[in-house]
Amino acid sequence: MGTKLEKGTYGYLDRNRRYAWRKTILMLTIPILIFLAAWMIHGTRENVMTVVAVVGCLPGCNQMVRAILAGRYRSIDQGFQENVEAVRGNRLVLYENVFTSYERNYYVDCMVISGRTVAGYSSDQKLDPGKAAAHVRTMLKNSAYKQNVEILKDSQAFLKRVEQMALEEPEEVPFQGDDRYPGWTREEIIRHLLSAFSL
């Protein structure tokens with residue numbers, strides 16, 4: 001696995017979790033070292049550098065919240081990823097997605113895009129596939145892209161659906177291009193938007 005953090009790729013969540021904790025440790029170490037150095041120099045904690053160190057900890061604490069959130073999710077099983085790759089053909093794919101809403105987070109292991117269809121699979125036993133699909137549909141609609149979104153909880157049914165999508169010609173969707181994404185196809189834009197919506 002490479003070290004580049006790119007959303008939507010296999011292994012992203014594990015790499016992101018390690019990166020988030022390393023960044024947290026670094027961001028908290030610097031103010032702590034400043035505090036300890038000032039304490040040793042001045043012989044007391046009551047100096048201006050204590051205030052600097054405390055304020056300097058705020059970004060590190062914010063980063064720690066992100067690291068804790070990133071730690072809740074693990075990358076998908078490599079065997080499942082290989083099965084998806086074997087059947088998806090040239091359809092665009094997005095792995096390891098965590099979509100957030102005010103009510104809850106929706107973890108979707110994999111999404112495949114073909115024309116106006118987005119098919120996803122989630123291994124999260126607590127996920128309501130209807131609500132997750134509606135949330136993704138709404139996010140895309142708010143960005144001016146209407147898609148048919150389905151989230152499945154059966155991995156074999158999902159693989160069959162992806163295989164079917166790979167064999168069929170995608171639905172023709174009128175598309176004039178998007179000034180925000182010059183030269184991109186509609187499916188590439190959908191993939192980019194889904195990636196942007198994910199943690």
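Along the sequence shown, residues carry numbers from 1.
- The line from CZ of R180 to CD1 of I189 is 7.5 Å long, rounded to the nearest 0.5 Å.
- Residues V162 and V93 are not in side-chain contact: their nearest non-hydrogen atoms beyond the backbone lie 4.5 Å or more apart.
- Residue N105 holds its CG atom at 12.5 Å from NZ of K126, rounded to the nearest 0.5 Å.
- Residues L193 and V118 fall within the same hydrophobic cluster, defined by Ile, Leu, Val, Met, Phe, Trp and Tyr side chains chained together at heavy-atom separations under 4.5 Å.
- Here the closest heavy-atom approach between residue I76 and residue Y10 is recorded as O-CE1, 3.3 Å.
- Pairing each heavy atom of L92 with each of E188, the nearest pair is CD1-N, 3.7 Å.
- Each side chain to side chain donor-acceptor pair (under 3.5 Å) pair with one or both residues in residues 142-158, not counting sequence neighbours, appears once here: Y145-D178, Q147-R186, E150-R161.
- With a 6.0 Å radius and a threshold of 12 heavy atoms from other residues, nucleotides or ligands, R104 has its CZ atom above the threshold.
- Scanning for salt bridge (charged side-chain N to carboxylate O under 4.0 Å, His left out) contacts around E163 gives an empty result, with sequence neighbours left out.
- For the pair S122/Y106, no side-chain contact is recorded, criterion being any heavy-atom separation below 4.5 Å from C-beta on.
- Environment of CH2 in W39: sparse, with no more than 12 heavy atoms of neighbouring residues, nucleotides or ligands closer than 6.0 Å.
- With contacts defined as side-chain heavy-atom distances shorter than 4.5 Å, the pair L199/L13 does not qualify.
- A continuous path of hydrophobic side-chain contacts links Y73 to V84 [ILVMFWY only; heavy atoms under 4.5 Å].
- Among residues two or more places apart in sequence or in another chain, the ring-ring contact (aromatic ring centres under 6.0 Å, His included) test is passed with Y95 by none.
- Here the closest heavy-atom approach between residue S198 and residue V98 is recorded as OG-N, 2.8 Å.
- No donor-acceptor pair closer than 3.5 Å links the side chain of N62 to the backbone N or O of V65.
- For R116, the salt bridge (charged side-chain N to carboxylate O under 4.0 Å, His left out) partners are E171, not counting sequence neighbours.
- Inter-residue side-chain proximity for W21 and I68 is flagged as met; some heavy-atom pair is nearer than 4.5 Å.
- You'll find the side chain of V136 stays beyond 4.5 Å of the side chain of F197, heavy atoms only.
- In this structure, CD on E85 lies 11.0 Å from CD on Q78, to the nearest 0.5 angstrom.
- In plain terms, the two heavy atoms of E96 and Y12 that are nearest each other are OE1-N, 2.9 Å.
- In this structure a side-chain-to-backbone donor-acceptor pair under 3.5 Å is present from T24 to A20.
- When side chains are defined from C-beta on, K131 does not count as touching H135, because their heavy atoms never get closer than 4.5 Å.
- Every residue was checked against the ring-ring contact (aromatic ring centres under 6.0 Å, His included) condition with F175, not counting sequence neighbours, and none meets it.
- To the nearest 0.5 angstrom, Q63 atom CD is 6.0 Å from M27 atom CE.
- The CZ atom of R15 lies 4.5 Å from the OG1 atom of T9; values are rounded to the nearest 0.5 Å.
- Ring pair Y181/H192: centre-to-centre distance below 6.0 Å.
- Contact record, R17 with G71: CD-CA, 3.4 Å, taken as the closest heavy-atom pair.
- Closest non-hydrogen pair, I151 versus P129, comes out as O-CB, 3.2 Å.
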Only distances under 3.5 Å count here; give the side-chain donor-acceptor pairs of residues 107-114 to other protein atoms, sequence neighbours excluded, each with its distance to 0.1 Å.
unit_1 : atom_1 : unit_2 : atom_2 : d
Y107   : OH     : R74    : O      : 3.2
D109   : OD1    : S123   : N      : 2.6
D109   : OD1    : S123   : OG     : 3.2
D109   : OD2    : S123   : OG     : 2.9
S114   : OG     : R91    : NE     : 3.1

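- Between I30 and the options I34, L33, I32, a side-chain contact (heavy atoms from CB on, under 4.5 Å) holds for only I34.
- Considering CD1 of I190 and CH2 of W184, their distance stands at 11.5 Å, rounded to 0.5 Å.
- Both L94 and M139 are part of a single hydrophobic cluster, where members link through side-chain heavy atoms under 4.5 Å apart.
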